[in-house]
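For reference, the structure discussed in these notes is given below.
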Amino acid sequence: MITDKKQLLLITSRSELERGVNEGLSMHFEVHTTSSLHTGFNCALNLLPDIILIDYASYRSGRNFKNISNFKSTHFLNKAWLIVYADESLKMEVESRFRRVVDEFLYPPSVPALCGKLIKLVFANNSLSNFWKDSFMGLFNLMAKPVVLLQQDEIVAMNDSFKQHFRIEKIKGLKLTDLVQCENKAKVKNALRNFGRGKHMKASTQTALLLRSNKIRDAKISFSKLNKNSGNHFIMIIDFNGDEVMVNPKLGTNSELVEACFKENSNIPEFNFTKREKEIIQLLIKGYKTKDISSALFISPKTIEKHRSNIIKRTNSETILESIIYAINHNLIDLQKA
């Protein structure tokens, strides 16, 4: 289960330690307890905790501790922070046995001190790797549609599909407002700020986006907050087809404010090909080859190839066929002349 709290698995046979850890960490952690290393391993596989805390005093015999390396050798648990809690008098013994497989050793004199150490370790030093964040970023980079992560209107991460469509490699200083043509770009920034402060979890709308080649593409975009308690981090998914439902309208709450702002952005000058580009596209539709177009328009094959290249770039396409489909779908050429 994913919650806003960190997940901690405590492996101990001491009821007083279990009570103390629950009392001391309940504000910051979802604490789960098991009484043996064997059941603890199975529980960890189901829970995928952020921290696995093992009480050395409960399982000091070598036989009970012989399988502790399993916790770190399992792929699904290698993001968990494996910690052994022991009395400081046993420090040399503990570290000589488990230095290679344990991430951290803690020797606080009391349970409250142990809880304080854990809170500091996770939240103050930020030394704990977040399993769910890493998992999300893995999925983020696999998505076929352009996706960006936003902090307010600033782009902090983008997937490969976004880089390909917008021909952008570096994100330093790049803002969402760089991709829109609102006369007053402050409206977009304010809309996102109000969205972050409000109760709504998502927004989905049609708009027009400005690509780096100064082309305009119609798109359906969907925003969602990454965390209901952190109102300035969003994920934005872009669909240039505009006909797929990316966010179920029946789930969550939808912000009309964001929708209105981006619909206003769609009221922009219409994109058009040049006269020569239209002529070339119309001849391509008829099945003309470069040599035939050269004869028909009295221009060199080299010039035709340059026009073809420009058409592909201006439509943000990979092939001339894709550009032709784009031109037909957006009524940018007269098919009666083709």
Side-chain angles (χ1 to χ4, degrees), residues 141-148 155 158-171 174 176-183 185 204-222 236-246 262-338:
N141 288 311
L142 284 173
M143 296 181 74
K145 296 184 185 299
V147 184
V148 293
I155 296 176
M158 54 188 177
N159 68 350
D160 290 340
S161 179
F162 183 90
K163 295 176 185 177
Q164 179 182 5
H165 280 86
F166 288 85
R167 305 187 189 278
I168 294 173
E169 290 297 328
K170 297 181 180 180
I171 63 174
L174 185 64
L176 179 59
T177 48
D178 294 331
L179 309 179
V180 300
Q181 278 202 338
C182 279
E183 184 176 354
K185 293 191 175 186
S204 184
T205 185
Q206 297 282 345
T207 190
L209 296 177
L210 175 66
L211 307 184
R212 273 300 172 98
S213 49
N214 291 321
K215 298 189 301 292
I216 301 300
R217 289 289 299 271
D218 293 328
K220 179 177 181 179
I221 58 173
S222 295
M236 182 178 79
I237 304 176
I238 301 170
D239 181 9
F240 285 119
N241 294 324
D243 54 1
E244 294 186 22
V245 178
M246 292 181 294
F262 281 88
K263 280 189 175 180
E264 180 182 339
N265 179 60
S266 298
N267 299 323
I268 53 180
E270 185 178 353
F271 166 79
N272 280 300
F273 293 109
T274 65
K275 180 180 178 181
R276 183 62 82 187
E277 287 170 347
K278 287 182 179 179
E279 290 174 338
I280 291 174
I281 291 175
Q282 287 164 347
L283 291 175
L284 286 170
I285 291 174
K286 292 180 178 179
Y288 280 45
K289 306 296 183 183
T290 298
K291 183 178 179 181
D292 301 324
I293 297 174
S294 177
S295 299
L297 300 180
F298 303 102
I299 53 178
S300 69
K302 187 175 181 179
T303 300
I304 294 170
E305 290 303 318
K306 185 176 180 180
H307 282 301
R308 284 170 62 113
S309 178
N310 287 338
I311 291 169
I312 291 172
K313 288 180 180 179
R314 294 186 69 201
T315 55
N316 195 42
S317 303
E318 298 299 324
T319 65
I320 192 65
L321 176 59
E322 187 180 339
S323 297
I324 292 172
I325 294 171
Y326 176 88
I328 294 172
N329 288 341
H330 289 79
N331 298 317
L332 296 175
I333 57 172
D334 187 351
L335 289 176
Q336 292 183 348
K337 294 183 180 179

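Judged by distance alone, the side chain of S222 and the main-chain N or O of I237 form no donor-acceptor pair under 3.5 Å. Between the side chain of N159 and the main chain of K145, a donor-acceptor pair closer than 3.5 Å is present.
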Criterion salt bridge (Lys or Arg N to Asp or Glu O under 4.0 Å) on E279 and R276, from CA distance to verdict
CA-CA 5 Å; E279 290 174 338; R276 183 62 82 187; 2.8 Å; yes
Stepwise side-chain contact (heavy atoms from CB on, under 4.5 Å) test for I311 and I324
CA-CA 9 Å; I311 291 169; I324 292 172; over 6 Å; no
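Between the OG1 atom in T290 and the CZ atom in R308 there is a gap of 5.0 Å [rounded to 0.5 Å]. Considering CG of D178 and CD1 of I155, their distance stands at 7.0 Å, rounded to 0.5 Å. Rounding to the nearest 0.5 Å places CD1 of I320 at 9.0 Å from CD of E305. Taking CD1 of I281 as the start and CD1 of I328 as the end, the distance is 9.0 Å to the nearest 0.5 Å. Here the CD1-CD1 distance, from I285 to I280, works out to 12.5 Å after rounding to the nearest 0.5 Å. Distance CZ/F273 to CG/N310: 11.0 Å, rounded to 0.5 Å.
Counting heavy atoms from C-beta on, the side chains of L283 and L297 come closer than 4.5 Å. Using a 4.5 Å heavy-atom threshold, the side chains of K286 and Q282 count as separate. Contact check for K289 versus D292: side-chain heavy atoms found under the 4.5 Å cut-off.
Scanning all heavy atoms of the two residues, the minimum distance from S161 to A144 falls at OG-O, 2.7 Å. Shortest non-hydrogen contact noted between F240 and H165 is CE1-CD2, 3.4 Å.
The side chain to side chain contact (heavy atoms under 4.5 Å, CB included) with I221 is formed by just one residue from the set L179, L209, V148, D239; it is L209.
Taking the ring-ring contact (aromatic ring centres under 6.0 Å, His included) definition, one finds that F162 meets it with F166, sequence neighbours left out.
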